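See below for the structure under consideration.
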2 protein chains.
Amino acid sequence: MNIGDIAKATGISAKMIRYYEETGLIRPATRTLSGYRVYSDNDLQTLRFVRRARDLGFTVKQIDDLLTLWRDRTRASASVKEIALGHVAALEKKMQELKEMSDTLLHLASHCHGDTRPDCPILTTLGSTEAVAPLPRTRDRRKTRAFDRVR
Amino acid sequence: MNIGDIAKATGISAKMIRYYEETGLIRPATRTLSGYRVYSDNDLQTLRFVRRARDLGFTVKQIDDLLTLWRDRTRASASVKEIALGHVAALEKKMQELKEMSDTLLHLASHCHGDTRPDCPILTTLGSTEAVAPLPRTRDRRKTRAFDRVR
DNA sequence: CTGCGCCTTCCCATCGTTGGAAGGTCAAGC
DNA sequence: GCTTGACCTTCCAACGATGGGAAGGCGCAG
């Protein structure tokens with residue numbers, strides 16, 4: 001398989017495959033006499049792994065760690081789970097941040113006429129001296145952490 | 001006010017203020033004879049606006065658009081609302097993506113012992129040929145769009 | 001005048017990804 | 001055998017927003 005074939009098969013662009021090789025995430029492919037990269041079914045499997053981890057939002061560094069664990073038959077499953085749940089926590093933190101932005105914006109937008117009139121509380125608030133939309137405190141609805149929910 | 005003062009006052013680093021000037025987001029500051037940037041209360045207000053928009057997750061390009069509308073006293077509030085709700089939609093899309101990643105990972109993790117044993121369904125699934133964790137279809141719980149909820 | 005803290009510009013790095021340019025290779029069709 | 005087009009190679013640059021640091025100038029207090 002040439003790089004184009006494996007790119008199609010994994011959904012990772014040829015550019016990225018070369019990049020992953022360059023940065024050490026994957027092992028350098030063997031080459032033909034003329035310098036073309038050649039890939040085996042084993043490489044295909046590895047790159048599929050990478051693709052899926054990437055789809056789950058892992059960084060390249062984390063994928064590197066996961067690959068190492070993947071290849072190590074003596075790993076403890078706890079190590080893997082720790083990475084996974086740590087990542088879940090990061091994802092949830094990010095979601096929380098986005099939610100706060102979104103809520104604030106929706107709140108501002110709900111007070112905006114949205115017609116041809118120029119007055120707009122969204123802009124007014126952004127330009128004012130006070131802090132933007134302090135959200136009304138709801139009752140202590142504490143977030144459960146990934147660790148608690150799963151283990 | 002020198003750049004350090006306004007940086008403290010807005011919470012934007014001096015580096016970023018220079019960057020915003022360089023890229024045209026804000027107008028070039030006036031200078032002292034010796035080349036120091038000098039800022040007015042007006043600049044302070046603008047930069048506070050920028051800061052808040054940034055905190056709401058707008059890109060620099062979007063902030064640029066918002067600033068233009070902010071300065072234009074004849075704008076239609078509909079234009080502002082459109083940008084805001086468009087951004088809400090983007091935020092919600094992102095949240096949805098993160099949620100899917102998170103759910104998938106939690107699902108995988110819930111099947112992992114997380115002890116010293118090496119077998120781990122997280123890695124096994126990532127390395128397998130099939131797609132990762134097709135989520136169980138729930139009843140048609142269609143997402144309401146920002147536009148519908150607010151207007 | 002010295003010293004310290006601020007300011008200036010300039011370049012580099014990050015992270016994951018895409019784009020393009022310039023050139024070599026391969027296989028099919030004539 | 002030669003042309004053509006699709007592929008491959010490397011190298012360089014850019015994105016977006018930010019931080020780090022170097023080298024040198026400025027301002028003010030002691």
Side-chain angles (χ1 to χ4, degrees), chain A residues 1-26 28-40 43-44 46-47 49-67 87 90-91 93-94 97-98 101, chain B residues 1-26 28-40 43-44 46-67 87 90-91 94 97-98 101:
Chain A
M1 277 195 292
N2 282 347
I3 199 170
D5 304 321
I6 205 170
K8 252 173 252 157
T10 59
I12 305 179
S13 71
K15 285 256 182 202
M16 287 311 298
I17 296 174
R18 293 193 197 99
Y19 172 76
Y20 289 151
E21 176 180 316
E22 185 192 320
T23 57
L25 179 67
I26 59 177
T30 54
R31 304 281 189 131
T32 64
L33 286 179
S34 52
Y36 281 25
R37 287 175 180 80
V38 178
Y39 295 90
S40 66
D43 299 323
L44 177 60
T46 303
L47 278 168
F49 183 101
V50 170
R51 174 72 210 274
R52 276 163 199 156
R54 212 187 51 174
D55 285 348
L56 289 173
F58 286 100
T59 64
V60 171
K61 175 68 183 73
Q62 288 171 319
I63 298 178
D64 197 12
D65 294 343
L66 286 173
L67 270 179
H87 186 46
L91 291 173
K93 176 148 174 274
K94 192 74 200 165
E97 289 166 8
L98 296 184
M101 296 178 192
Chain B
M1 276 194 293
N2 282 346
I3 199 170
D5 305 320
I6 205 170
K8 251 173 252 157
T10 59
I12 305 179
S13 72
K15 283 258 183 203
M16 285 313 297
I17 295 174
R18 293 193 198 99
Y19 171 76
Y20 290 152
E21 176 180 317
E22 186 192 321
T23 57
L25 180 66
I26 59 177
T30 55
R31 304 282 190 132
T32 65
L33 286 178
S34 52
Y36 282 26
R37 286 176 181 81
V38 178
Y39 295 90
S40 66
D43 298 324
L44 177 60
T46 304
L47 277 167
R48 270 209 258 259
F49 183 101
V50 171
R51 174 71 211 274
R52 275 163 199 155
R54 210 188 52 176
D55 286 348
L56 289 174
F58 285 101
T59 65
V60 171
K61 175 67 184 73
Q62 287 170 320
I63 298 178
D64 198 12
D65 294 343
L66 286 174
L67 271 180
H87 186 44
L91 290 173
K94 192 74 200 167
E97 289 166 8
L98 295 184
M101 295 179 193

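Quick note on labels: first sequence line is chain A, next is B, and so on, each numbered from 1. All values derive from a computational prediction rather than experimental measurement.
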Identify the pairs formed between an N or O of the protein and an N or O of nucleotides 18-22 of chain D at a distance under 3.5 Å, and give each distance.
from   : atom 1 : to      : atom 2 : distance (Å)
D:dT18 : OP1    : B:Arg54 : NH1    : 3.4
D:dT18 : OP2    : B:Tyr20 : OH     : 2.8
D:dG19 : OP2    : B:Ser13 : OG     : 3.2
D:dG20 : N7     : B:Lys15 : NZ     : 3.1
D:dG20 : O6     : B:Lys15 : NZ     : 2.7
D:dG21 : O6     : B:Lys15 : NZ     : 2.3

inquiry  = Could you check whether any side-chain heavy atom of A:Tyr20 comes within less than 4.5 Å of a side-chain heavy atom of A:Ile63, counting everything from C-beta outward?
reply    = no

request  = Round to a whole Å and report the spacing from CD1 of B:Ile3 to C1' of D:dG27.
outcome  = 17 Å

Every protein N/O within reach of nucleotides 23-26 of chain D N/O, cut-off under 3.5 Å:
from   : atom 1 : to      : atom 2 : distance (Å)
D:dG25 : N2     : B:Tyr36 : OH     : 2.6
D:dC26 : O4'    : B:Tyr36 : OH     : 3.4
D:dC26 : O3'    : B:Ser34 : OG     : 3.2
D:dC26 : O2     : B:Tyr36 : OH     : 3.4

query = Going through the distances and angles, do A:Ile17 and A:Ile26 end up as a side chain to side chain contact (heavy atoms under 4.5 Å, CB included)?
reply = CA-CA 8 Å; A:Ile17 296 174; A:Ile26 59 177; 4.1 Å; yes

inquiry  = I'd like to check B:Phe49 versus B:Leu67 (side-chain heavy atoms, cut-off strictly below 4.5 Å). Are they in contact?
reply    = yes

ask   = Can you tell me if A:Ser40 and A:Asp43 form a side-chain donor-acceptor pair at under 3.5 Å?
value = yes

inquiry  = Looking at every heavy atom in both B:Lys94 and A:Leu98, which two are closest together, and how far apart are they?
reply    = CG-CD1, 3.5 Å

query = Judged by atom type as modelled, is there a donor-acceptor pair below 3.5 Å linking the side chain of B:His87 to the main-chain atoms of B:Gln62?
reply = no

Nucleotide D:dA17, atom C1' - distance to CZ of B:Phe58 in whole Å = 17 Å

key: Shortest non-hydrogen contact from A:Val38 toward A:Arg31   = CG2-C, 4.5 Å

task = For B:Glu22 and D:dA17, give me the distance from atom CD to atom C1', rounded to whole Å.
result = 12 Å

task = Examine distances only and state if a side-chain atom of A:Arg37 and a backbone atom of A:Ile3 form a donor-acceptor pair shorter than 3.5 Å.
result = no

remark   = To the nearest angstrom, the CG-C1' distance between B:Asn2 and D:dG27 comes to 10 Å

request  = Identify whether any heavy atom of A:Arg37 sits under 4.0 Å from a base atom; if not, whether one sits that close to sugar-phosphate; answer base, sugar-phosphate or nothing.
outcome  = sugar-phosphate

request  = Answer yes or no: is there a side-chain heavy-atom contact under 4.5 Å between B:Asp65 and B:Phe58?
outcome  = no

key: Between C1' of D:dT9 and CD of A:Glu21, the distance in whole Å   = 12 Å

note = One should read off an interatomic distance between A:Arg52 CZ and A:Leu66 CG, to the nearest 0.5 angstrom, of 13.5 Å

ask   = Charged N to carboxylate O under 4.0 angstrom, B:Glu21 versus B:Arg18?
value = no

Boundaries of the chain A footprint along DNA chain C (any atom under 4.0 Å from a heavy atom) = C:dG16 to C:dC26

